[in-house]
Amino acid sequence: MQHGALADLREIPSVVGGNEESRHGIVLAKSLPAKRFHIQTGETLYSARQKCPGLVVVPPHYWLYVECSNAMVQILREYSPEVQRFSVDECFLDYTKMDKHFGDPVKVANVIKNRIRDELGFTVNIGISVNKLLAKMAGELKKPDMVHTLYPDEIPEKMWPLPVKELIMVGRATAPKLHALGIHTIGDLAKCDVQLLESKLKSHGRLIWEFSNGIEGSSVRNDRPEMKGIGNSTTTPFDVTDEKTAFMFILSLTETVAMRLRDAGLCCSLVAVSIRNKDFISYARQRKIHYATDSTDEIYSIAKQLFREIWRDEPVRHLGVRVSALSLGKNSQLSFFTQKDPVKMKALDSAVDNIRLKHGSRAITRAAFAHSGISARSGGVGEEDYPIMSSIL
DNA sequence: TCTGGGGTCCTAGGACCC
DNA sequence: TCTGGGGTCCTAGGACCC
């Protein structure tokens, strides 16, 4: 709207959606008017259009969302030093003792909400309570542009009547199991016998029972949690039926993963490859390596082995490469067994990284991709070129 | 013109050790 | 005609979040 768009996507049935031609055709986000047609995030654009002919579909602009997210966090930090990013569009803010400086939390929440709307141009919901779980549930109440409280004494009135699937951590698999036990609302869950839930759902049963009673005690962490793994995956634009083509996609994914790994200053000791076939069956294989590496070539070579070991010689629609068991890059243990000179490999990776950082990721690519019709780098949500990675969230 | 991509955590089973 | 118990590490798969 700030750039002169004619229609406000928020006021018409509209969705942000992926590109159907490249088999990315799902709903990523929806407007409230689109929601009234029962369009759901994650469903196919095809099905969304059936529910709402004339639906407006626009492509995503991930880096715009990141910029907006950063601007929002900047405002939040004015009101508390303890702000935890939960996702690109959600934060937790610890207001403990901050009322001495800024006053009543509900009043301040309204000020913050209005500032974000007026200064940044988008609306937010703010939920207030005594812990993160209840604050989050409060934020999910009526939208848009609202402030809600959900204090413990308000739980029976505001949270218990909701369908149990609205509770965080009750998803596609748990909801039907709860329904089978006669549990349909969050209130039903809260009044259910914990022992019974624990026997049916193990520790998850106790967790969601506690949540349904508003019990949750984690703190708002300002620092970013330690990264556990880095992965990229992609739905291929066409079914892959031969190993050679699969290896090209795996290489392009490995390029992204390894660059992110080096950008974060880390090495990995575990490599995993995942496959989804044309019937949507997924499987994966992982291997622990007894040294740590951040080399594109080394990760690629392990990923190729893993693919060979599991591929069922069938049409593939999705491929993924993921590294974990991360350690600090400095002083990394060199392997006795790699054929190539590790010092030279490191220098090569670092030279390529620097060229891409300076001149864009397309400035230098492997010759294998030339005229192949396959992107030399894949993974990531961005339609645009990646600038650099770990610095964002 | 069917069905995305990036994560974390938990559980179960097998191999191996003493 | 038999066959423990405690532990760690590794792999596969599933569930959840946004």
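Just so you know, these numbers come straight off a predicted model, no measurement behind them. Per chain, numbering begins at 1; letters A, B, ... match sequence-line order.
- With both pairing distances under 3.5 Å, C:dG7 is matched to B:dC16 as a Watson-Crick or G-U wobble pair.
- A:Glu243 and A:Arg308 are joined by a salt bridge, as a carboxylate oxygen and a charged side-chain nitrogen come within less than 4.0 angstrom of each other.
- Rounded to whole angstrom, the span from the CD atom of A:Glu210 across to the P atom of C:dC16 amounts to 18 Å.
- As rounded to whole Å, 11 Å separates atom P of C:dC18 from atom NZ of A:Lys30.
- Nearest nucleotide to the side chain of A:Tyr46, out of C:dC10, B:dG4, B:dT1: B:dT1.
- C:dC2: glycosidic angle beyond 90° from 0, hence anti.
- We find that A:Lys244 and A:Asp242 are not joined by a salt bridge, their nearest charged nitrogen and carboxylate oxygen being 4.0 Å or further apart.
- At a non-hydrogen distance threshold of 4.0 Å, A:Gly171, A:Arg172, A:Ala173, A:Thr174 from residues 171-186 of chain A come into contact with DNA chain C.
- Each of C:dC16, B:dG6, B:dT11 was ranked by its minimum atom distance to the side chain of A:Met169; first place goes to C:dC16.
- In this structure, the CG atom of A:Asp239 is 11 Å from the P atom of B:dC2, given to the nearest Å.
- The side chain of A:Arg23 approaches B:dT3 more closely than any other nucleotide in the set B:dA12, B:dT3, B:dT8.
- Using a 4.0 Å heavy-atom distance criterion, A:Gly229 is classed as a sugar-phosphate-only contact.
- When the C1' atom of B:dC9 is taken as reference, atom CG of A:Leu201 falls 16 Å away, rounded to whole Å.
- Distance from the side chain of A:Arg317 is smallest to B:dG4 among C:dT11, B:dG4, B:dT11.
- The aromatic rings of A:His184 and A:His179 lie parallel to each other, their planes meeting at an angle below 30°, with 60° marking the opposite boundary.
- Comparing B:dG5, B:dC9, B:dA12 by their nearest atom to the side chain of A:Thr235 picks out B:dG5.
- Within residues 270-283 of chain A, the residues having any heavy atom under 4.0 Å from DNA chain B are, by residue number, A:Arg276, A:Phe280.
- OP1 and OP2 of C:dC17 both lie 4.0 Å or more from every side-chain N or O belonging to A:His204.
- Minimum atom distance to the side chain of A:Arg49 is reached by B:dT1, of the listed B:dT3, C:dT11, B:dT1.
- Nearest heavy atoms, A:Leu326 versus A:Cys268: CD2-CB, 3.8 Å.
- When the side-chain nitrogen and oxygen atoms of A:Thr44 are compared with OP1 and OP2 of B:dT1, none of them lie within a distance under 4.0 Å.
- Contact annotation: A:Lys202 side-chain N/O to B:dA12 OP1/OP2 distance is under 4.0 Å.
- Heavy-atom contacts from other residues, nucleotides or ligands closer than 6.0 Å to OH of A:Tyr46 number 12 or fewer.
- Within 6.0 Å of atom CD in A:Glu309, more than 12 heavy atoms from other residues, nucleotides or ligands are found, so the atom counts as buried in its surroundings.
- Residue A:Glu43 is classed as having no contact, given no heavy-atom separation below 4.0 Å to the nucleic acid.
- Atom CG in A:Leu28 sits roughly 12 Å away from atom P in B:dT3 (whole-Å rounding).
- Taking a 6.0 Å sphere around CD of A:Gln305, one finds it holds more than 12 heavy atoms contributed by other residues, nucleotides or ligands.
- Minimum atom distance to the side chain of A:Glu140 is reached by C:dC18, of the listed C:dC17, B:dG6, C:dC18.
- A:Arg206 places its CZ atom 15 Å from the P atom of B:dC10, with the value rounded to the nearest Å.
- Looking at A:Thr41 and A:Lys30, their side chains do bring a donor and an acceptor atom within 3.5 Å of each other.
- Considering only the side chain of A:Lys136, C:dC17 comes nearest among B:dC9, C:dC17, B:dT1.
- Using a 4.0 Å heavy-atom criterion, one finds that A:Thr234 contacts the sugar-phosphate atoms exclusively.
- Salt-bridge formation is detected for the pair A:Glu20/A:Arg49: a Lys NZ or Arg NE/NH1/NH2 atom is positioned less than 4.0 Å from an Asp or Glu carboxylate oxygen.
- Side-chain proximity of A:Ser203 to B:dT1, B:dC10, C:dA12: nearest is B:dC10.
- For the C1' atom pair drawn from B:dC16 and C:dG4, the interatomic distance equals 16 Å after rounding to whole Å.
- The side chain of A:Lys228 sits closest to B:dC9 out of B:dG5, B:dT3, B:dC9.
- Between C:dA12 and A:Arg285, a contact under 4.0 Å exists linking OP1 or OP2 to a side-chain N or O.
- Of the candidates A:Arg366, A:Arg262, A:Arg362, A:Glu255 forms a salt bridge (charged side-chain N to carboxylate O under 4.0 Å, His left out) with just one, namely A:Arg366.
- The phosphate of B:dG6 (OP1 or OP2) has a side-chain N or O of A:Asn232 nearer than 4.0 angstrom.
- Distance CG (A:Leu45) to P (B:dT3): 9 Å, rounded to an integer number of Å.
- Interatomic distance, A:Ile299 CD1 to A:Cys267 SG, rounded to the nearest 0.5 Å: 8.5 Å.
- Look at A:Lys278 and A:Asp239 and you find no salt bridge, because none of the NZ, NE, NH1 or NH2 atoms lies under 4.0 Å from a carboxylate O.
- Atom pair A:Asp89:CG and C:dC17:C1' shows a separation of 12 Å (rounding to whole Å applied).
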